Amino acid sequence: MQDTRTLDQQQLGLIGVSTPRECPSHHVYLDGCALSRCSTYQTPIGDLPLDLETIRELNASGQFTQMNLSTDEDEHSIEMHLPYIRKVFEGQDIRIVPVLIGSLNQANEKRFGTILAPYLAKEDTFAVVSSDFCHWGSRFSYTFYYPARPPLPEAVQPLRLTSRIAPSPDRPIHVSITELDREAMDILNLPPTNTQAHEKQTATSAHDDFARYLSRRDDGTANPQMGEVRAKQPVRDGKGFKR
């Protein structure tokens, strides 16, 4: 992800807004990806036109469904981004492509990643991706807990906290959640933050590593899309340079 503070706003014409697979289940069940039927999104500080040409191209693939208006209006995982996008690119002629990503298995993640990769690889495209890394607790049927600082020694196993299994007094739950989230960020980062742990990491291996991570943690990601892009394109930094 590029830092928006360093973007060349004069050259940016298209923004893709997507939400990982956990978010869309807020209102409807979705096992694929959905596109908007709207032509414009309204925000309190100005309208955001949709890129209808790109949306038509994606619909023509036959792989996407379309959100009805009530689903589109109710889904806050996309909505929360919109005022920030409008403010950052205030006065700029930009268009957005909202993509609602459902509960995908790894094969479908790669399939949609392959479809979206050419768009995300364009020089005038900036991807905005949301992920709820902090959905933790019995309410979400997820209580994964590190009893020690990872990586854990072989003799120590991670726990699932219950009413009978409590966290260690010297390791509050929020510490474990922070470590878990940072582990995900490290897997998704290319080049990897933890080079010792991921010396041979590629975009494809990062997706595989994250799928294993998700097998114990039910969150989603748009990483397969970025994986397809990074497998084919040099990495661009915030100033537009390639490395």
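Each residue takes its place number in the sequence, starting with 1. These numbers were taken from a predicted model, which means no experiment stands behind them.
Linking Ile, Leu, Val, Met, Phe, Trp and Tyr residues whenever their side-chain heavy atoms come within less than 4.5 Å places F126 and V88 in a single cluster. Residues I94 and M80 do not share a hydrophobic cluster, defined by chaining ILVMFWY side chains whose heavy atoms lie under 4.5 Å apart. At a threshold of 4.5 Å between side-chain heavy atoms, the hydrophobic network of Ile, Leu, Val, Met, Phe, Trp and Tyr places L52 and L82 in one connected group. In the hydrophobic cluster analysis, where Ile, Leu, Val, Met, Phe, Trp and Tyr join through side-chain heavy atoms closer than 4.5 angstrom, V175 is grouped apart from Y146.
The structure places CZ of R160 at 13.0 Å from OG of S138, a figure rounded to the nearest 0.5 Å. To the nearest 0.5 Å, atoms CG (N59) and OG1 (T54) are separated by 11.0 Å. Note that CG of D51 and OH of Y119 are 9.5 Å apart. Values are rounded to the nearest 0.5 Å. Taking CZ of F112 as the reference point, atom CD1 of I101 lies at 8.5 Å (rounded to 0.5 Å). Atom-to-atom distance recorded for Q63:CD and L116:CG is 11.0 Å, nearest 0.5 angstrom. Of the inter-residue distances, the one linking S36 atom OG with I96 atom CD1 reads 8.0 Å to the nearest 0.5 angstrom.
Side-chain N/O atoms of D181 and T178 include no donor and acceptor closer than 3.5 Å.
Looking only at side-chain heavy atoms (C-beta outward), L180 and Y145 stay at 4.5 Å or farther from each other. Residues P147 and V156 have side chains in contact (heavy-atom distance under 4.5 Å, counting atoms from C-beta outward).
Within the 3.5 Å criterion, the main-chain N or O of L58 finds a donor-acceptor partner in the side chain of S61. R86 contributes a side-chain N or O that, together with a main-chain N or O of F89, makes up a donor-acceptor pair within less than 3.5 Å.
Applying the side-chain contact (heavy atoms from CB on, under 4.5 Å) criterion to E79, with sequence neighbours excluded, gives H76.
Nearest approach of R95 to L50, heavy atoms of both residues: CB-C, 4.1 Å. The shortest heavy-atom contact between M67 and A34 is CG-CB, 3.7 Å. For V99 against L35, the heavy-atom pair with the smallest separation is CG2-CD2, 3.9 Å. The shortest heavy-atom contact between D72 and Y41 is OD1-OH, 2.5 Å. Scanning both residues, N108 and N105, for their nearest heavy atoms gives N-OD1, 2.8 Å. The shortest non-hydrogen separation linking P83 to I45 is O-CD1, 3.3 Å.
By the 6.0 Å contact criterion, CZ on R37 is enclosed, its count of non-hydrogen atoms from other residues, nucleotides or ligands being greater than 12. Within 6.0 Å of CD on E57 lie more than 12 heavy atoms contributed by other residues, nucleotides or ligands.
Checking each of I165, L159, L161 against T143 for a side-chain contact (heavy atoms from CB on, under 4.5 Å) leaves exactly one that passes, namely L161.
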For the pair K87 and E90, evaluate salt bridge (charged side-chain N to carboxylate O under 4.0 Å, His left out) and give the outcome as yes or no after the intermediate values. CA-CA 5 Å; K87 180 60 179 177; E90 190 172 9; 3.1 Å; yes

Worked check of side chain to side chain contact (heavy atoms under 4.5 Å, CB included) between T65 and C33: CA-CA 6 Å; T65 59; C33 294; over 6 Å; no

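Screening residues 162-175 for salt bridge (Lys or Arg N to Asp or Glu O under 4.0 Å), with sequence neighbours left out, gives R171-E179.
Ring geometry, Y142 versus F144: the interplanar angle falls under 30°, so the pair is classed parallel (tilted spans 30 to 60°).
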